[in-house]
Amino acid sequence: MPRKVIKALGTCLFLLYMAGLVYFLFLSEEYGHGGAGEYNYNIYPFREIIRYIRYRKLLGTWAVLTNLLGNVIGFIPFGALVPLMVRGARSAWRMTLLSFEISALVEVSQLIFRVGCFDVDDMILNTLGGLLGYLVFRVMSRWYLALEVRKTGKVSEAGSSAAKKCRNRG
């Protein structure tokens, strides 16, 4: 599959992902965004993560998985798709920082609009998810490059520079 097609497909998937993310974070009544009432927030790192783990039997497996793993899994597509579209986001450091920034934007928006709840632990888990997504991108990029080499017997110009970087680090 040509790189332009992969990039276009990645862009379409990213737009669908962002639409879903906006829906679940701001509009879905299933996740407690529909009603008015007292607004809750957490500004202490790891407080809610520890609470969910400590009281997992009382809260139930579904609540724990939805909160902890949901926040990680929810940002994996972000970390995997952004580097596909933006060359400047192809380092672990940049992707981690970008994941944190977008997560902070979401959490601050929830605080301002009093939708969901502001939680610093969500930012930690989202950032971890973005980093895991970036690792998926890296693995898939290397797989694609190896497949391209096997098919054609030669490395493309982009693959050649990536191979040189790997040899130089070696």
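Computed from heavy atoms alone, side chains included, the values below leave out hydrogens, waters and symmetry copies.
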Take Gln110 and Phe118 through the side-chain contact (heavy atoms from CB on, under 4.5 Å) test and state the conclusion after the steps.
CA-CA 6 Å; Gln110 288 180 326; Phe118 176 89; 5.5 Å; no

When you group the ILVMFWY residues by side-chain heavy-atom contacts below 4.5 Å and let the links chain together, are [Y] and [X] in the same group?
{"X": "Val139", "Y": "Leu81", "answer": "no"}
{"X": "Leu25", "Y": "Leu16", "answer": "no"}
{"X": "Met85", "Y": "Leu15", "answer": "no"}

Rounded distance [0.5 Å steps], [atom1] in [X] versus [atom2] in [Y]:
{"X": "Arg51", "Y": "Asn42", "atom1": "CZ", "atom2": "CG", "result": "9.0 Å"}
{"X": "Leu125", "Y": "Asn67", "atom1": "CG", "atom2": "CG", "result": "7.0 Å"}
{"X": "Leu13", "Y": "Ile6", "atom1": "CG", "atom2": "CD1", "result": "11.5 Å"}
{"X": "Tyr52", "Y": "Leu68", "atom1": "OH", "atom2": "CG", "result": "7.5 Å"}
{"X": "Arg150", "Y": "Leu145", "atom1": "CZ", "atom2": "CG", "result": "10.5 Å"}
{"X": "Glu101", "Y": "Leu105", "atom1": "CD", "atom2": "CG", "result": "9.5 Å"}

[X] side chain to [Y] backbone, donor-acceptor under 3.5 Å:
{"X": "Arg56", "Y": "Ile53", "value": "yes"}
{"X": "Ser103", "Y": "Ser99", "value": "no"}
{"X": "Asp121", "Y": "Arg47", "value": "yes"}
{"X": "Asn71", "Y": "Asp122", "value": "no"}
{"X": "Tyr134", "Y": "Val82", "value": "no"}

Would you mind writing out the side-chain donor-acceptor pairs for residues 89-98 within the sub-3.5 Å range, not counting sequence neighbours?
| unit_1 | atom_1 | unit_2 | atom_2 | d |
| --- | --- | --- | --- | --- |
| Arg90 | NE | Pro83 | O | 2.7 |
| Arg90 | NH2 | Pro83 | O | 3.2 |
| Arg90 | NH2 | Leu84 | O | 3.4 |
| Ser91 | OG | Arg94 | N | 3.1 |
| Arg94 | NH1 | Gly88 | O | 3.1 |
| Thr96 | OG1 | Ala92 | O | 2.7 |

On the 0 to 90° scale, with breaks at 30° and 60°, tag the Tyr17-Phe78 ring pair as parallel, tilted or perpendicular.
tilted

How far apart are the closest heavy atoms of [X] and [Y], and which atoms are they?
{"X": "Val120", "Y": "Ile43", "answer": "CG1-C, 3.7 Å"}
{"X": "Asp119", "Y": "Glu107", "answer": "N-OE1, 2.9 Å"}
{"X": "Val106", "Y": "Phe26", "answer": "O-CZ, 4.0 Å"}
{"X": "Cys117", "Y": "Asn40", "answer": "CB-O, 2.9 Å"}

I want to check something: taking the side chain as every heavy atom from C-beta on, are Leu128 and Phe75 in contact at a cut-off of under 4.5 Å?
no

Give a yes or no on whether Tyr144 atom OH has more than 12 heavy-atom contacts from other residues, nucleotides or ligands under 6.0 Å away.
yes

Quick check: are there more than 12 heavy atoms from other residues, nucleotides or ligands sitting under 6.0 Å from CZ of Phe100?
no

Does the pair Lys151 and Glu148 meet the rule for a salt bridge (Lys or Arg N to Asp or Glu O under 4.0 Å), with working shown?
CA-CA 5 Å; Lys151 275 185 174 180; Glu148 191 176 86; over 6 Å; no

